[in-house]
Amino acid sequence: MYDLDIHNFKQINPPHRLLMGPGPINADPRVLRAMSTQLVGQYDPAMTHYMNEVMQLYRGLFQTENRWTMLVDGTSRAGIEAILVSSIQPGDRVLVPVFGRFGQLLCEIARRCRAEVHTIEVPWGQVFDPQHIEDAIVKVRPKLLLTVQGDTSTTMLQPLQELGEICRRHDVLLYTDATASFGGNELKVDEWKIDAVSAGLQKCLAGPSGSSPITLNDRFEEVIRRRKCVEEGIRTDAHVQGDDEFIYSNYFDLGMIMDYWGPERLNHHTEATTMLFGARECARIILQEGLTETIARHELHGNALLAGIQHMGLNTFGDLEHRMNNVLGVEIPENIHGEEVRQMLLNDFSIEIGTSFGPLQGKIWRIGTMGYNARKDCVLQTLTALEAVLNKLGFSTKQGEAMQAAWNVYASAMKGENS
Ligand SMILES: *Cc1c(COP(=O)(O)O)cnc(C)c1O
């Protein structure tokens with residue numbers, strides 16, 4: 001193994017793809033440029049200035065005044081894990097409304113934190129009525145309600161507007177995983193009274209995976225600060241005795257991460273400089289376009305894709321009233337092999353669309369229109385290619401109708417703008 005021939009290893013030069021799945025998607029070139037800039041030291045005034053700017057920019061995206069709005073280094077699940085590990089003590093009751101795969105992930109992580117996990121469920125393709133959740137809260141009396149805003153596995157968007165009020169009434173902390181929906185769908189952290197939120201860059205934010213923006217309010221900070229910090233635990237050997245107050249992760253100890261991002265700048269990890277540059281650019285681009293405008297753009301291109309798919313004679317998956325703007329579930333027609341279609345799209349058109357997991361495996365494709373790829377040309381190219389492939393494989397469509405339907409959506413949006 002050690003006498004490998006280095007000449008066999010070419011410079012990295014990945015194929016050019018149009019990524020129209022549920023994420024990751026193509027990064028905005030401006031994000032890639034920000035990420036190719038030179039490094040600075042972690043306490044260089046330029047770096048700490050950028051860290052403070054990142055906090056400000058993400059307050060804008062999360063629509064919050066929360067002081068603790070920062071990045072957790074790692075993919076989106078690093079943000080999820082930091083929030084759960086830092087807030088859940090062994091034996092705490094948590095309630096998880098599960099409507100897809102990412103709700104199951106929250107259960108799994110909460111179990112690792114040795115929480116007493118309670119779930120309620122709806123069939124995949126649906127979301128919860130707030131009353132259903134409140135009834136379960138009354139019954140379970142959890143410390144935390146763990147929710148997913150947009151579950152990419154089912155393409156559904158759980159309405160969160162009323163949950164904050166419900167949680168305050170019952171003295172429950174509300175967390176949501178907004179990775180899939182953030183930047184492409186409305187999320188008003190303060191107005192909706194959500195105590196903690198985590199996200200990622202690789203969906204509507206047009207960046208690569210590897211950084212998780214999070215925000216925590218005072219209520220949530222208090223729960224974390226009440227727990228023992230690692231230093232104390234190590235001094236008292238509390239961790240050896242299995243003290244329940246103790247946060248068992250160093251990397252994900254949000255108390256320490258806050259002290260690193262705060263004015264004390266206590267050394268913890270070395271902030272992932274290049275990811276921070278990327279995350280900063282993702283947020284800057286959206287706020288420059290306007291958050292409202294960015295969400296409207298996701299809605300427009302999601303609607304155009306939907307119209308095209310419906311006029312191709314394909315059925316969509318789930319409750320369309322509650323779908324995310326940025327990803328659509330499409331039923332694979334009878335006698336068509338879903339993977340063969342994906343292969344042809346990739347090999348002949350260099351377009352990637354998504355497959356599915358669990359109960360939906362082999363039943364639906366998931367097509368995303370998000371971030372840098374929430375664009376007219378991406379939608380029209382994907383519809384054209386999909387129609388061509390389906391016809392080649394024996395599913396005949398009235399050719400051209402899908403395109404016309406999508407064009408009509410764009411035309412009426414233009415009219416609306418001009419009136
Ligand atoms: C895509 C997605 C993630 C991704 O997590 P990673 O750790 O970045 O792979 C997490 N949560 C939800 C709801 C998602 O849709």
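Order of appearance sets the numbers: ligands from 1, and atoms from 1 within every ligand.
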Side-chain donor-acceptor pairs of residues 202-212 under 3.5 Å, sequence neighbours excluded:
residue : atom : partner : partner atom : Å
Ser212  : OG   : Ala199  : O            : 2.7

Do Glu387 and Asn391 get their side chains close enough for a donor-acceptor pair, meaning under 3.5 Å? no

- Message: Ignoring hydrogens and geometry beyond distance, is a side-chain donor-acceptor pair present between His301 and Tyr410 at under 3.5 Å?
- Response: yes

- Are His322 and Gln158 close enough that a side-chain donor and a side-chain acceptor fall under 3.5 Å? no

Could you tell me whether the side chains of Glu116 and His118 share a donor-acceptor contact shorter than 3.5 Å?
-> yes

Item to complete: Consider only side-chain N and O atoms of Thr64 and Asp190, and report whether a donor and an acceptor are under 3.5 Å apart.
Response: yes

Output for ligand 1, non-hydrogen cut-off under 4.0 Å, lists Thr75, Ser76, Arg77, Phe102, Val148, Gly150, Thr152, Asp177, Thr179, Ala180, Gln202, Lys203

